[in-house]
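Proteins get letters first, then strands, A, B, ... in listed order; numbering begins at 1 in each. What's counted below: heavy atoms across the whole structure, side chains too, no hydrogens, waters or symmetry copies.
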Protein chains: 2
Amino acid sequence: MARRPPITNRVRELREANGQLSQAALGEAVGVTRQTIIAIEQGRYSPSLETSFRIARRFGVGVEDVFGWEDE
Amino acid sequence: MARRPPITNRVRELREANGQLSQAALGEAVGVTRQTIIAIEQGRYSPSLETSFRIARRFGVGVEDVFGWEDE
DNA sequence: AAGCGGTGTCAAAAATTCTTGACATCAGGG
DNA sequence: CCCTGATGTCAAGAATTTTTGACACCGCTT
């Protein structure tokens, strides 16, 4: 699990759709730092399921509406 | 994130429903160890999203069919 | 020109997830 | 009985995620 994980995400998309929510604001809303949001948006690593749930719920959607699985 | 996370899981349930798949066999199927499966079943920590996806897909279901969010 | 919010990067450290190996228990079969 | 498979525990370490703090760049406004 050191590679870029086979996971896609639409965080940026959702963030922009949601009233220009900044990375910092989203981070604060879900309890992680700005840098964590950046890393997730860039797909640098696979977040914890907990962080994933918090982000999804912040946008009022399901986990798989935010993160996708690239079948490998 | 050191506490028991607000996440429920039905891994054991799915495992038993699926032809008596052992913890070891599930671990091998998704690329983690037996101890990791045990810890996840017991809710000791929040798995990575990647591991969550692999487990869900092994059972042919979505992430939220395996893991649930306890609204806090 | 100076200030501001937003995004990005980097590096080191803290925290968490996952592995390895060992040992224990229990149920079932031979 | 003894063996085996399945589950569980523990502890130490490896690997990964997340934090902290710093600095840079851009576009915008004043």
Side-chain angles (χ1 to χ4, degrees), chain A residues 1-59 62-72, chain B residues 1-59 62-72:
Chain A
M1 282 177 189
R3 66 205 169 311
R4 174 173 294 251
I7 291 177
T8 61
N9 81 85
R10 305 199 306 139
V11 175
R12 181 151 222 153
E13 206 175 321
L14 289 163
R15 208 161 47 73
E16 287 166 349
N18 255 267
Q20 304 309 317
L21 186 64
S22 74
Q23 293 172 330
L26 173 57
E28 190 166 357
V30 304
V32 298
T33 62
R34 191 168 74 79
Q35 285 85 336
T36 298
I37 300 296
I38 292 175
I40 292 174
E41 284 191 1
Q42 293 175 157
R44 283 219 294 269
Y45 50 65
S46 156
S48 71
L49 183 56
E50 181 167 352
T51 298
S52 307
F53 260 118
R54 287 191 206 277
I55 293 174
R57 292 302 189 259
R58 168 59 185 79
F59 293 121
V63 169
E64 299 210 28
D65 293 318
V66 182
F67 302 95
W69 184 244
E70 296 194 316
D71 224 354
E72 297 188 290
Chain B
M1 281 179 187
R3 66 207 170 307
R4 173 176 296 254
I7 291 177
T8 61
N9 80 85
R10 306 198 308 137
V11 175
R12 181 150 221 154
E13 206 175 320
L14 289 163
R15 208 160 49 71
E16 286 166 349
N18 254 267
Q20 303 310 315
L21 186 64
S22 75
Q23 294 172 331
L26 173 57
E28 191 166 357
V30 304
V32 298
T33 63
R34 189 168 76 77
Q35 285 86 336
T36 297
I37 299 297
I38 293 176
I40 292 174
E41 283 191 3
Q42 293 176 156
R44 284 220 294 269
Y45 50 64
S46 156
S48 71
L49 184 56
E50 181 167 353
T51 298
S52 306
F53 261 118
R54 288 190 205 277
I55 292 175
R57 293 303 190 256
R58 168 58 185 77
F59 292 121
V63 168
E64 299 210 29
D65 293 319
V66 181
F67 301 95
W69 184 243
E70 296 193 318
D71 225 352
E72 293 189 293

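- We find that CD of B:E50 is positioned 11 Å from P of C:dT19, with the value rounded to whole Å.
- Put simply, CG on B:L49 is 11 Å from P on C:dC18, counting in whole angstrom units.
- The shortest distance between side-chain heavy atoms of B:E50 and A:W69 falls below 4.5 Å.
- Put simply, B:Q23 has no side-chain N or O that comes within less than 4.0 Å of OP1 or OP2 on D:dG5.
- Remark: A:R34 is not in phosphate contact with C:dT9, judged by side-chain N or O atoms under 4.0 Å from OP1 or OP2.
- Relative to the side chain of A:V32, the nucleotides D:dT19, C:dT19, D:dG8 differ in distance, and D:dT19 lies closest.
- For the pair A:L21 and A:L14, the minimum side-chain heavy-atom distance is 4.5 Å or more.
- The 5' end of DNA chain C is approached more closely, in terms of each residue's nearest nucleotide, by A:S22 than by the other of A:S22 and B:Y45.
- Taking side-chain N and O atoms only, A:R12 has a distance below 4.0 Å to OP1 or OP2 of C:dG8.
- Side chain of A:S48, nearest nucleotide from C:dC18, C:dT19, D:dT18: D:dT18.
- Rounded to whole Å, atom C1' of D:dT18 lies 13 Å from atom CZ of A:R54.
- Atom CD1 of B:I38 is separated from atom C1' of D:dG5 by 13 Å (rounded to the nearest Å).
- Between B:T51 and C:dC18 there is a side-chain N or O to OP1 or OP2 distance below 4.0 Å.
- Summarising the geometry, the separation between CG on B:L26 and C1' on C:dC18 is reported as 15 Å, rounded to the nearest angstrom.
- The neighbour count for A:E28 CD, taken as heavy atoms of other residues, nucleotides or ligands under 6.0 Å away, does not exceed 12.
- Atom pair B:Q35:CD and D:dA15:P shows a separation of 17 Å (rounding to whole Å applied).
- The residue among B:L21 and A:T36 whose nearest nucleotide of DNA chain D is located toward the 5' end is B:L21.
- Side chain of A:T36 to backbone of A:V32: no donor-acceptor contact under 3.5 angstrom is found.
- As rounded to whole Å, 9 Å separates atom C1' of C:dT7 from atom CD of A:E41.
- Taking atom CZ of residue A:F67 and atom P of nucleotide D:dT17, one finds them 13 Å apart after rounding to whole Å.
- Between the side chain of B:N9 and the backbone N or O of B:I40, at least one donor-acceptor pair lies under 3.5 Å.
- Proximity of A:R4 to the phosphate of D:dT16: no side-chain N or O atom is located under 4.0 Å from OP1 or OP2.
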